[in-house]
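Taking it in order: structure first as structure tokens, then the write-up.
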Amino acid sequence: MKSSKKIGLVLSGGGYRGIAHIGVLKAMEELDIKPDYISGTSAGAVVGALYAAGHSWKEILKLFTNIELFSIHHFAMHKPGLFDGKKLANQISSFFKEDSFESLNIPMFIATTDLLEGKTQFFYNGKIVIPMIASASVPGVFSPVEFNNYLLCDGGVTNNFPIEPLLVYCDKIIGVYLNSLEEITKEDLKTTKSVLDRSYKIARVRETKAKFQDCDVLISPNDIGQYEVFSKAHIDTLFELGYREAIQKLSVMPFVTTK
């Protein structure tokens, strides 16, 4: 399928749920839908950057399957956080022919959170590996990343659905959101942690939903909220959730014409 319109792809955060993004890429490949621009945060930044660098969905899935984020070799030393994301830089940089946004096949925007200013900081030129790692550096789990006079962490803290750059450049936008609220009962909210966690999720989802109206197609599997963001236990299921939802939604895209 081909279109003369510029198509943007926005990929949310979601930890290992980001494997569903890879399923979406497989569906897009089968339907011959190619984004002209990509914007991503956290897991969406990693998947999007690898895809923009020219890797196939199969290669990206293999990386997510094999990489060990929580390795003893990545422990943070004298830094706030359990793991040091910068220690992944050498491992990840090998997947890019050059450490630069300019070397990508598809223009890419990466959303991070600047802890000092308390706002979203987008990166789209210069070095790409460190901003990508910073975008996925969940506070408390990974140490903040110092880069270009910023102190950066997970882009999802301030912007879990970074659609804003695409509104400038794209005629049509495909959105992939992997943080829908799962159904729970009062029995699930018996601890302080459970209430705080639920409150945080509600606030983040509510803020993000306002952006959905700017998407021409929104891919958000209903059941994905039940899967843990830091668990690799359901890789195949997450991939299939993304793939099936994308096939269903993208095969009826009104702005794509058959070859």
| field | ILVMFWY network linking Val145 to Val157, side-chain heavy atoms under 4.5 angstrom | value | no
| request: Of all the heavy-atom pairs spanning Gly18 and Val47, show the shortest one and how long it is. | output: O-CG2, 3.8 Å
| message | For a quick check under 3.5 Å, do Asn160 and Thr41 share a side-chain donor-acceptor pair by atom type? | response | no
| remark: Closest non-hydrogen atoms of Leu178 and Val176, given as atom of the first, atom of the second and distance, are CD2-CG1, 3.9 Å
| task | Identify whether Phe64 and Ile235 are in the same connected component of the hydrophobic contact network (ILVMFWY, side-chain heavy atoms under 4.5 Å). | result | yes
| task | For Met132 and Ile92, run side-chain contact (heavy atoms from CB on, under 4.5 Å): C-alpha distance rounded to whole Å, both residues' side-chain angles, the deciding distance at 0.1 Å, then the answer. | result | CA-CA 10 Å; Met132 181 186 68; Ile92 296 294; 3.0 Å; yes
| task | To the nearest 0.5 Å, tell me how far Phe147 CZ sits from Lys127 NZ. | result | 7.5 Å
| query | Got a donor-acceptor contact below 3.5 angstrom from the Glu59 side chain to the Ser56 backbone? | reply | yes
| Has the side chain of Ser94 got a donor or acceptor atom that lies under 3.5 Å from a matching backbone atom of Gln91? | yes
| query | When hydrophobic residues are tied together by side-chain contacts of less than 4.5 Å, even through go-betweens, does Tyr227 share a cluster with Ile219? | reply | yes
| said: Looking at Leu63, is its backbone amide N or carbonyl O close enough to the side chain of Asn66 to form a donor-acceptor pair, meaning the two atoms are under 3.5 Å apart? | reply: no
| From CG (Leu50) to CG (Leu61), nearest 0.5 Å | 12.0 Å
Under 3.5 Å, side-chain donor or acceptor atoms of residues 99-108 against the rest of the protein: list the pairs with distances, not counting sequence neighbours.
residue	atom	partner	partner atom	Å
Asp99	OD1	Ile128	N	3.0
Asp99	OD1	Val129	N	2.9
Ser100	OG	Ser103	N	3.2
Ser100	OG	Ser103	OG	3.4
Glu102	OE1	Gly126	N	3.3
Glu102	OE2	Gly126	N	3.2
Ser103	OG	Glu98	O	3.2
Ser103	OG	Ser100	O	2.8

| message | Quick check: closest heavy atoms across Asp114 and Gln121, and the distance to 0.1 Å? | response | CB-CB, 4.4 Å
| Under 3.5 Å, is there a donor-acceptor pair between the side chain of Arg17 and the main chain of Leu238? | no
| Counting only heavy atoms not in Glu30, do more than 12 fall under 6.0 Å of its CD? | yes
| said: Return the CG to OG distance between Leu167 and Ser39, rounded to the nearest 0.5 Å. | reply: 9.5 Å
| query | So, does Lys119 use its side chain to make a donor-acceptor pair with the main chain of Thr113 at under 3.5 Å? | reply | no
| Nearest heavy-atom pair of Tyr177 and Leu218: which atoms, and what distance? | CB-CD1, 4.4 Å
| Check: Ser12 main-chain N/O paired with His21 side-chain donor or acceptor under 3.5 Å | yes
| Smallest separation among heavy atoms of Ser135 and Ile110, with atom names | CB-CG2, 3.7 Å
| field | Spatial distance of atom CG (Asp32) from atom CE (Met28) [nearest 0.5 Å] | value | 10.0 Å
| query | Mind checking whether Phe109 and Tyr37 have parallel, tilted or perpendicular rings, split at 30° and 60°? | reply | parallel
| Do Glu117 and Tyr150 meet the criterion of a side-chain donor-acceptor pair at a distance under 3.5 Å? | no
| field | Ring center gap for Trp57 and Phe239 short of 6.0 angstrom | value | yes
| said: What's the separation between atom NZ in Lys58 and atom CD1 in Ile22, rounded to the nearest 0.5 Å? | reply: 13.5 Å
| message | Nearest 0.5 Å, please: how far is CG in Asn159 from OG in Ser42? | response | 11.5 Å
| note | Tightest non-hydrogen contact, residues Lys6 and Asp36, listed as CA-OD2, 3.3 Å
| request: May I ask you to decide whether Lys211 forms a salt bridge with Glu164, counting only side-chain N to carboxylate O separations under 4.0 Å? | output: yes
